[in-house]
Amino acid sequence: MRPRPDQPPAEPHWLGSDDDRPLLTPRTVTAAVACALTFVLALVMLFVTPPYAVQSPGPTVDTIGEVEEDTPLITVEGAETYPTEGELRLTTVSTRGGPGYPATAAQVIGGWLSETTTVLPRETAFDPAQTPEEVEEESTLQMSSSQTNATVAALTQLGYDVPMELRVAGTAPHGAAHGRLETADLLGWISTDAGGRTELTSFAVLTEVLAATDPGSTVTLGVVRGGEEVEVEVVTDDDGDGGSLLGVMISPDVDMPLDVEFAIENIGGPSGGLMLTLGIIDILTPGSLTGGEVVAGTGTVDLAGDVGPIGGIQQKMAGAVRDGAAWFLAPVENCDEVTGAVPDGLEVVAVDTVEDATAALEALTGGRTADLPRCPAP
């Protein structure tokens, strides 16, 4: 077909014009490589387990409240109980990265980017030799021991006589007493080179003897096992303060003057002891320990009422603020981690004993907060 005279001739069509550009330009190649790398990185984040643990704020629970309708967290029978006001919130940490609960790369990266999450080497948070079952068993034993300690400490603080015998509930898998002491062993006495033989009439006596014993010392324990008396030698561990540890969890045979029960599920470890103790005291005393305030806190409690340090305190403070707390009770021995890390809106009080904690709450309800003990400023 010939073009009409009034039409311009067709333009020549050259190879390399826009219609014939190659499909794989440098930009296309770069985009394809980027997509492939992103896909590979996503697979790595899904399936590769990094050697880190991730600690983030866990739930908090009110020890003078109810876990569900008509089910108080703490129930006391055998004495008059009293209504309370405010909240005494036990704080927790959610930790990923341990045996059976690995942290993903995405969780680790998210932890690095979060202000309230801590990422640390896995072996810092967990014993790499422990199995998931051992971790769970130890955590459960620690919570059970914490509840007993809290009950004894609270009743002792209130003036009750609480006679006891010290029975072994378990040993730390790699502690000094592991393989030496057995579950259900009854501890009768302890003998050291420095102090001689001491009858173990209470847990406070045992802790006093060990605190005065150099780490690495060989101590002899008088034990009743299966109805027979045996002597067990243990080379002690270091408690970090110049004293000794046995690495044993004690479930004392206590002649409790009152029946105290706890409705706690899915929370393990020993760090709830202080707030459980205060919850019992508040329930058994007229008025309110908190004065209507929301007070959170953490800390282990031993049978003698001493408050010990815990892990993850920065996450616990963050969880406390999230759940409405204005005040926080922290172990004195955690002050180095508290200083400079207190969230806005939270006041932290440093305590060393249950007596310190109750005195702090009494000062709070009385409006005498200026002289409350605080962690030193940086």
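We number each residue from 1, following the sequence as shown. The model shown is predicted, which means the values in this text are computed figures rather than measured ones.
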Look only at the side chain of [X] and the backbone of [Y], and say whether a donor-acceptor pair between them is shorter than 3.5 Å.
{"X": "Asp193", "Y": "Gly196", "answer": "no"}
{"X": "Gln314", "Y": "Glu337", "answer": "yes"}
{"X": "Thr171", "Y": "Val248", "answer": "no"}
{"X": "Asn334", "Y": "Ala330", "answer": "no"}
{"X": "Ser139", "Y": "Val135", "answer": "no"}
{"X": "Ser145", "Y": "Ile250", "answer": "yes"}

Is it true that, when you exclude [X] itself, more than 12 heavy atoms of the residues, nucleotides or ligands shown sit nearer than 6.0 Å to its [atom1]?
{"X": "Asp371", "atom1": "CG", "answer": "no"}
{"X": "Asp259", "atom1": "CG", "answer": "yes"}
{"X": "Glu229", "atom1": "CD", "answer": "no"}
{"X": "Glu355", "atom1": "CD", "answer": "no"}
{"X": "Phe203", "atom1": "CZ", "answer": "yes"}

Requested in this report: Could you tell me the separation between the CD atom of Glu87 and the CD atom of Glu293, rounded to the nearest 0.5 Å?
Outcome: 11.0 Å
Query - Nearest-0.5 Å distance that lies between atom OG1 in Thr131 and atom CD in Glu137 - result: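 Separation between the atoms: 8.5 Å.
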Query raised in the report: Heavy atoms, side chains only, cut-off 4.5 Å: are Leu246 and Val219 in contact?
Result: yes
Query raised in the report: Less than 4.5 Å apart, any side-chain heavy atom of Leu186 and any of Val223?
Result: no
Same cluster (ILVMFWY, side-chain, under 4.5 Å), [X] and [Y]:
{"X": "Leu141", "Y": "Met143", "result": "no"}
{"X": "Val295", "Y": "Val301", "result": "yes"}
{"X": "Met317", "Y": "Leu278", "result": "no"}
{"X": "Met164", "Y": "Val260", "result": "yes"}
{"X": "Val349", "Y": "Leu276", "result": "yes"}

Query raised in the report: Looking only at side chains, do Thr236 and Ser244 share a donor and an acceptor under 3.5 Å apart?
Result: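 Thr236 vs Ser244: donor-acceptor pair found between side chains.
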Query raised in the report: Would you call Arg374-Glu347 a salt bridge at under 4.0 Å N-O?
Result: yes
